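Provided herewith is a single structure, encoded as structure tokens, for subsequent inquiry.
Throughout, a chain's letter reflects where its sequence line sits, starting with A, and its residues are numbered from 1. Quick caveat, the model's predicted, so the values are computed rather than measured. We use all heavy atoms of the structure for the numbers below, so side chains are in, but hydrogens, waters and symmetry mates are not.
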Amino acid sequence: MEERHLTVDQEPPQEAAEVVNRREVRLEPGAEEKLVLQFMDSLNSYLSFSHSLSSTLGQAWMELASARHSMGTARLNTSLLDLKFHPASTTLKITECDDDAKARFVLRKWVSPEEVGEDEDSNSTKSSVPADDDDEAVRRERAKSLSVFGILIPPKLRAAQQSFERALETLVEMANMQSSFLNSFHQLHQEVEDNKE
Amino acid sequence: MYGFEAMTFNIHGGYLEAIVRGHRAGLLTTADYNNLCQCESLDDIKMHLSATEYGPYLQNEPSPLHTTTIVEKCTLKLVDDYKHMLCQATEPLSTFLEYITYGHMIDNVVLIVTGTLHERDVQELLEKCHPLGMFDSIATLAVAQNMRELYRLVLVDTPLAPYFSECITSEDLDDMNIEIMRNTLYKAYLEDFYKFCQKLGGTTAEIMSDLLAFEADRRAVNITINSIGTELTRDDRRKLYSNFGLLYPYGHEELAVCEDIDQVRAVMEKYPPYQSIFAKLSYGESQMLDKAFYEEEVKRLCLAFEQQFHYAVFFAYMRLREQEIRNLMWISECVAQNQKSRVHDSVVFIF
């Protein structure tokens, strides 16, 4: 896109037809169809994730209610949440690639305070970091997050935590799909506008 | 003399036993729960509850209602009943009634201490405390830095003071220490309540021993399951179990080394009263364990009303009312979240 844009600027106006021809020659055959397919795929994925999010969140809220029913309202309420300053255990990084102008959302979960300053490039290729349940560090961070409600907490509260985690991953995937289909739509729209000229 | 309470009980306890049996008759029935389970909104629940003893407590609440509001107002009904009985009671019934609230007092102490550790406002924490567990100097808990100060500044003048002897240290309060403190206090409270009931003797001792032993056993199972996968060592876990109950001492030895739900099940199935509870669960599953325990507890509490001239009816009534409030909380949550298919997962019918 950027290359094309620079080429257009450098060519004198009377050469516009040649520019258009040159552009047509540079395009891959079926590029528009590919963009349409990409748009439809991303939109379909977005809608699937949206349905999945709705059921995951419903399950998570019910598990939280079940944990409250088991522990009692005195042990599980908002006034126990920790207001002391502490680093976030889960971060979201937004990167914007210059080549396709598409925003990418990368979720990094259960990062211990020691890992906060490390380079995150190795994790940036995936849209979310799947939590390895066998990882001792992840298990410790999960337990630390729930320790505001006590150490001896029922399995229902842990299940609620995992459900909300899955919901968060789904949200990030939805954001990526939205970015993808908006980008495809923008490119298609640009193509249509260029063809009109 | 055991068996001759009929001669003397009514002199001091007759009026209050009649009162508590009247309150028992006001507990919600299966028909009430069926109506509540079909409600479409929290306002519908309020409308159905207006015909029950909770009506006066909910009638002035504005819409939209929240589930926490329903629970708070229903709890006020329990508190009013309790305070009426307490102010009419003479010794030893008044001490017995006070014992019933010490569990809530422990929960309130832990709530204030934990909230303060997390830099929360004391007023906000006081609003979340259970009204049955309040005492005069509770707000002063926020200034204590360790358990020694907690005891010296505040708890030495409360009924919980004798329970602190096993957990007084100068270590700073953190999440693990607070959890151990909570369970150690509750263990000491249960043992003290048990000894008090034994001293009362007669039918009270017989029925309360069974109810408190069940409570101690349930606590042991919950501590075991909740501590699986945590940093709590086996020795620390064993120290939190009460020194009475059906599982004491051999069941506790086996529970202390359990590493998963199936091992806990294998231990509990050796005890006939708990076989029926664990028979309702499938292998590896613990979601329905709470409901199974609640159902067994309700059965035992209802049986307490089958005999007269004892204090266990007061304990049974308080616990049944708390179960009813838990039921209402669950029904309200299912209605509010539009998940009415899950209503029967946790509702325990009393009658």
message: Need one label for B:E119: side chain, backbone, both or neither, based on atoms under 4.5 Å from any heavy atom in chain A.
response: both
- prompt: So does B:M134 have more than 12 non-hydrogen atoms from other groups sitting under 6.0 Å from CE?
  reply: yes
query: Does any heavy atom of chain B fall under 4.5 Å from the side chain of A:R158, the backbone, both, or neither of them?
result: side chain
message: Would you call the rings of A:Y46 and A:F181 parallel, tilted or perpendicular, taking 30° and 60° as the class edges?
response: perpendicular
query: Any side-chain donor-acceptor pair under 3.5 Å between B:D345 and B:Q339?
result: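 Judged by distance alone, the side chains do not pair up.
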query: For B:M329, is it the side chain, the backbone, both or neither that has a heavy atom under 4.5 Å from a heavy atom of chain A?
result: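 Contact with chain A involves the side chain of B:M329 alone.
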field: Residue selection (most heavy-atom pairs with chain B, distance under 4.5 Å) from A:A143, A:A159, A:G72, A:P154
entry: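 The option with the most such pairs is A:P154.
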- prompt: Where does B:L289 contact chain A at under 4.5 Å (heavy atoms): side chain, backbone, both or neither?
  reply: neither
query: Which atoms of B:R326 come close to chain A, meaning under 4.5 Å heavy atom to heavy atom: side chain ones, backbone ones, both, or neither?
result: both
field: Proximal component of B:T68, with respect to chain A [non-hydrogen, under 4.5 Å]
entry: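 The side chain, not the backbone.
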message: At a heavy-atom distance under 4.5 Å, which candidate from A:T73, A:L157, A:V148 has the highest pair count against chain B?
response: A:V148
message: Does atom CD (B:E124) have a neighbourhood of more than 12 heavy atoms from anything else shown, all under 6.0 Å?
response: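 Atom CD in B:E124 is packed in, count exceeds 12.
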task: Using a strict 4.0 Å threshold on nitrogen-to-oxygen distance, state whether B:R319 and B:E215 make a salt bridge.
output: yes
